[in-house]
Amino acid sequence: PAAAALVVGALGKDDRKALRLAHTQLRDAVAEATSKLVADFEVSPVARSPTPRRWPRLEKLRLVGPDFAPLEALGAETWGRLRTLSLEYRDNPVLDAPATRALAAALRRMPALEALYLLGATIPDASAGELFRADVAPRMRVLMLGDVDLTPTAARLLAATGWRLDKLGLHSCLDLGSAGVAALVAAPTFAPR
């Protein structure tokens, strides 16, 4: 199995797909060698949520269009190696209380997480209070928010997390306003590069 994992790890993406179809042992070797994964729930809404047991070496996970259920499933087990999580939405859904609790619980189960990309969602102030907490992702260094509705109140909560961000991206966060920008600039623990 170790030799198979090395061989599979050296293969390209298309070759891995072909091998996964060939045999269950090869499928397991592909999963064991995979460090980056994209799960597109818009293309396949019935897809199973990835789990750390199934993808033990995963360091980068990108979920496109996940609803509440995949976020809840992410928090069911500990992701020991996951360093980057990207959540991408197209229709700007509101991260309501259940979704935010599920996301915060999942982030707590990712001790190595250093980067979170959240694209195309609305984060109400109540959800920001649940998500932007020091205990949610203590090793967070990169936070990228794109097309995210974020109010000045949410920005103040983010600035107070204690996260030692060295990269903060705010693209098309139109509700932020000058008060929100001022709060982020004054955050005592942010040290942008």
Side-chain angles (χ1 to χ4, degrees), residues 37-42 44-55 58-165 168-173 175-176 180 183-184 187 189-190:
L37 178 68
V38 175
D40 193 334
F41 291 93
E42 291 178 348
S44 178
V46 295
R48 291 184 317 173
S49 292
T51 64
R53 189 175 315 138
R54 172 76 170 89
W55 305 98
L58 207 61
E59 294 179 7
K60 185 174 183 178
L61 175 60
R62 182 174 151 220
L63 302 179
V64 180
D67 60 13
F68 173 66
L71 293 179
E72 192 173 56
L74 281 179
E77 300 175 47
T78 300
W79 294 83
R81 293 184 180 213
L82 194 67
R83 297 191 187 302
T84 303
L85 176 64
S86 178
L87 303 173
E88 299 178 17
Y89 296 93
R90 303 262 192 290
D91 53 356
N92 208 1
V94 174
L95 283 179
D96 59 5
T100 304
R101 278 194 295 274
L103 178 56
L107 294 176
R108 286 184 182 99
R109 300 295 301 260
M110 300 173 183
L113 189 73
E114 296 175 347
L116 175 63
Y117 294 76
L118 182 58
L119 309 172
T122 297
I123 304 176
D125 292 343
S127 296
E130 183 83 25
L131 188 59
F132 299 146
R133 297 173 44 143
D135 66 324
V136 169
R139 294 187 61 192
M140 183 85 69
R141 296 295 178 265
V142 175
L143 179 63
M144 302 299 285
L145 303 174
D147 292 323
V148 172
D149 292 333
L150 197 67
T151 67
T153 301
R156 283 191 289 279
L157 292 167
L158 174 58
T161 59
W163 291 342
R164 300 196 174 283
L165 297 181
L168 174 63
L170 302 167
H171 175 71
S172 296
C173 296
D175 294 338
L176 192 58
L184 294 171
T189 58
F190 292 3

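Excluded from the calculations below are hydrogen atoms, water molecules and symmetry mates; all remaining heavy atoms, backbone and side chain alike, are included. For the single chain, residues carry numbers from 1 onward in sequence order.
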First locate atom [atom1] of [X], then atom [atom2] of [Y], and finally report the distance between them rounded to the nearest 0.5 Å.
X: Met144; Y: Leu116; atom1: CE; atom2: CG; answer: 11.0 Å
X: Leu170; Y: Leu158; atom1: CG; atom2: CG; answer: 8.0 Å
X: Leu113; Y: Thr84; atom1: CG; atom2: OG1; answer: 7.0 Å
X: Leu157; Y: Ile123; atom1: CG; atom2: CD1; answer: 11.0 Å
X: Tyr89; Y: Thr122; atom1: OH; atom2: OG1; answer: 11.0 Å
X: Arg54; Y: Leu37; atom1: CZ; atom2: CG; answer: 9.0 Å

ask   = According to the salt bridge (Lys or Arg N to Asp or Glu O under 4.0 Å) rule, which pairs have a member within residues 69-85, sequence neighbours left out?
value = Arg53-Glu77

ask   = According to the salt bridge (Lys or Arg N to Asp or Glu O under 4.0 Å) rule, which pairs have a member within residues 100-110, sequence neighbours left out?
value = Arg108-Asp135

side-chain contact (heavy atoms from CB on, under 4.5 Å) against Ser86, all qualifying residues, sequence neighbours excluded = Arg62, Glu88, Tyr117

remark   = Residue set satisfying side-chain contact (heavy atoms from CB on, under 4.5 Å) with Ser172, at least two apart, ordered chain then number -> Asp147

Minimum heavy-atom distance [X]-[Y], with the two atoms named:
X: Gly120; Y: Pro93; result: O-CD, 3.3 Å
X: Pro124; Y: Val94; result: CG-CG1, 3.6 Å
X: Asn92; Y: Ala121; result: OD1-C, 3.0 Å
X: Trp55; Y: Pro50; result: CD1-CB, 3.8 Å
X: Ala183; Y: Ala159; result: O-CB, 3.4 Å
X: Val148; Y: Leu118; result: CG2-O, 3.3 Å

Could you check whether any side-chain heavy atom of [X] comes within less than 4.5 Å of a side-chain heavy atom of [Y], counting everything from C-beta outward?
X: Met140; Y: Leu165; result: yes
X: Thr78; Y: Pro111; result: yes
X: Ser127; Y: Leu131; result: no
X: Leu85; Y: Leu107; result: yes

task = Answer yes or no: is there a donor N or O on one side and an acceptor on the other, between the side chain of Thr100 and the main chain of Leu95, under 3.5 Å?
result = yes

query = Quick one: does Trp79's side chain have a donor or acceptor within less than 3.5 Å of a partner on Leu74's backbone?
reply = yes

key: Pairs satisfying side-chain hydrogen bond (donor to acceptor under 3.5 Å, both in side chains), at least one member in residues 150-165, at least two apart   = Asp125-Thr151, Thr153-Arg156

task = Only counting residues at least two apart or in another chain, list the ones meeting side-chain hydrogen bond (donor to acceptor under 3.5 Å, both in side chains) with Glu59.
result = none

